[in-house]
Amino acid sequence: MPKFFRKTIYLVLVFFILLTGLSPLTYTSYAETIPISPYVSAHGTNLYLNGTQYQFTGVNAFNLGTDPGINAGCGGSIADLDAFFSHLRPNSMIRMWAFQGTIATNVKTKQIDWTGLDRVVAAAQKDNIKLILVLGDQAGACDDGHWRDPAWYQSGYTQAINDYGNGLTPIPYLDYVKLIVTHYKSSTAVAMWEPINEPEAAGCQSGQGTACYAHQTCNEPVATQAMRSFFDAVGGAIKSIDPNHLVASGVGGDGQCGAIYGDFQNIHAGSGIDVATYHDYDRNDQAMPGDPWNGLQERITQMKNLNKPLIIEEAGMIAGNNMSGCMSNSSRRDDFKAKMDAQFKSGIAGYMVWDLTGGDVKDCNYSIGDNDPTLTLLHNYPTSMGLYVDTQAPTAPTNLTATVNATKNVVLNWTASSDNVGVVRYDIFRNNAYFSSTTDTSIIDTNASPSGTYTYFVKGKDAANNISHSSTIVILTLPK
């Protein structure tokens, strides 16, 4: 915008402020410029994506990173990620486990191995899906088996823990966080980091791991201080490495130890947390769940006080068709819709159900199967989804070259596309079929066979899914 127009608008706004009595702080919050970016950002109580407001729908799918033969896994594996993601519209959010103990450590070598996660992130990038990567669990389930008590939140996260005794958590939690954040800090498929799933700094007597849920003790002041210091330290460490992505708290929100009453606002007040969370289970007839002190409306009010967004990152109801005493899937959809209508109106930034399993669900449980009407609700619900109105495709990548390196793999390099908003990825085609995607301007094909002849070309893609023309085609025959 030209300086003359900016100055004129400013003077008009100042006159309006003086006339109405609005404070300069109010003016600043309204006048904030929202960047056009493929990364999800927070501005006040709203989220933004591609320069527009991002009110999203989505699902939990904790098991997406399970990769048999590579990691120990948590939950069953999903063979066809593209088909799994196809149930959701572009920019939908999926929340998944990215734990060291079962997802990011090779079950044979006991070393960090990103294969399972890389597979999911690459597919999400290709299919325009956003991810919340959860880095640990309160009870250590599918990780190190260790209950997170106040001592852990104070300093235990800096020490290696192996309560399961399987050797799959060889490095301290904080060191692992730094590694994974470094690995994915440039990915536009990642929307948020979440340090711990459902954190609550309760003590545990006569229990271990998940058994502690029946043996908890709570010293609320100690728990609050421990959680606040943890969020400040770990959130700060994440942000020092990765300025692109938000940090969500993962807190259940309805009165967990360390986050009761006003302590919920306290632990979210630091700069280490950008987004507050709330989990809603089995309150089927409560559009705004919870009591006046720890309920959702109070949490929304508290986050308005902090000027930060709040999302419903888990919402679950038990249902199943043609089962005596069980809510039908269509009734569950209707109850979800009633909640979404009330909660989006009250100011939430996103809504995610627990959980999408795929396939044909035949039991009475929380699972959402392939043909569940809740999927249609999430797909069609009238939220903005951060869809930037952009019809201009990137320019074609140029100067594509293909060479063979010392290990006889094909190395492709090209010059970046340009775009009016920004290129978010490149799709690589081999022998006229889609081969892979990357956010870089180079890639190595490790699957080409000796003596084989291959053709390659590359296309650029922007955040609105506009695709460039092809680069020039290169042809390469590998040596024997």
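Residues: numbered from 1 along the sequence shown.
- Contact of the His379 side chain with the His87 side chain is not registered, since no non-hydrogen atoms from C-beta on lie closer than 4.5 Å.
- Between Tyr173 and Trp152, the ring planes lie perpendicular to each other; the angle is over 60°, past the 30° to 60° tilted range.
- The aromatic rings of Tyr351 and Phe336 stand perpendicular to each other, their planes meeting at an angle above 60°, with 30° marking the opposite boundary.
- With sequence neighbours excluded, the residues satisfying side-chain hydrogen bond (donor to acceptor under 3.5 Å, both in side chains) with Thr415 are Asn399.
- For Lys178, the NZ atom counts as loosely surrounded, since its 6.0 Å shell holds 12 or fewer non-hydrogen atoms of other residues, nucleotides or ligands.
- Counting heavy atoms from C-beta on, the side chains of Pro289 and Tyr278 come closer than 4.5 Å.
- A donor-acceptor contact under 3.5 angstrom links the side chains of Gln256 and Asp254, judged on distance only.
- Taking 4.5 Å as the limit, some side-chain heavy atom of Tyr366 sits within range of a side-chain heavy atom of Tyr281.
- Minimum heavy-atom separation, Ile103 to Trp97: CG1-O, 3.9 Å.
- Thr407 and Asn405 form a side-chain donor-acceptor contact under 3.5 Å, judged by distance and modelled atom types alone.
- Side chain to side chain, Asp341 and Tyr381 meet the donor-acceptor criterion of an N or O pair below 3.5 Å.
- Using modelled atom types, one side-chain atom of His245 and one backbone atom of Val190 make a donor-acceptor pair closer than 3.5 Å.
- Residues passing the side-chain contact (heavy atoms from CB on, under 4.5 Å) test with Ala124, sequence neighbours excluded: Phe85, Ile129, Leu131, Ala189.
- A donor atom on one side chain and an acceptor atom on the other are found under 3.5 Å apart for Asn305 and Gln265.
- Looking at Ile70 and Val107, their side chains never come closer than 4.5 Å, going by heavy atoms from C-beta outward.
- Counting heavy atoms from C-beta outward, Asn46 and Ile34 have side chains that stay 4.5 Å or more apart.
- Counting heavy atoms of neighbouring residues, nucleotides and ligands inside a 6.0 Å radius, atom CG of Asn322 does not exceed 12 of them.
- Across all their heavy atoms, Val474 and Leu400 have their closest contact at CG1-O, 3.3 Å.
- With sequence neighbours excluded, the residues forming a ring pair (Phe, Tyr, Trp, His ring centres under 6.0 Å) with Tyr54 are Phe56, listed by chain and number.
- Residues passing the side-chain contact (heavy atoms from CB on, under 4.5 Å) test with Asp335, sequence neighbours excluded: Asn284, Met317, Met327.
- Listed by first then second residue, pairs satisfying salt bridge (charged side-chain N to carboxylate O under 4.0 Å, His left out) with a partner in residues 294-320 read Arg95-Glu313, Arg95-Glu314, not counting sequence neighbours.
- Ser187 places a side-chain heavy atom less than 4.5 Å from the side chain of Gln125.
- The environment of NE2 in His469 is sparse: at most 12 heavy-atom neighbours from other residues, nucleotides or ligands sit within 6.0 Å.
- For Ala248, the side-chain contact (heavy atoms from CB on, under 4.5 Å) test picks out Met192, Glu194, Val275, Thr277, with sequence neighbours left out.
- Annotation: cation-pi geometry not satisfied between Lys130 and Tyr39 (NZ/CZ under 6.0 angstrom from ring centroid, within 45° of ring axis).
- Side-chain polar atoms of Thr52 and Asn50 form no donor-acceptor pair below 3.5 angstrom.
- The aromatic rings of Trp354 and Phe62 lie parallel to each other, with less than 30° between the two planes, well short of the 60° mark.
- With Asn106 as reference, Asp113 is the one residue of Asn71, Asp67, Asp113, Thr115 to meet the side-chain hydrogen bond (donor to acceptor under 3.5 Å, both in side chains) rule.
- Listed for the Asp427 side chain is no donor-acceptor partner under 3.5 Å among the backbone atoms of Ser437.
- Using the six-membered ring where Trp is involved, Trp193 and Tyr184 have ring planes that are tilted, between 30° and 60° apart.
- For the pair Lys459 and Phe429, the distance from NZ or CZ to the six-membered ring centre is under 6.0 Å and the angle to the ring normal is within 45 degrees.
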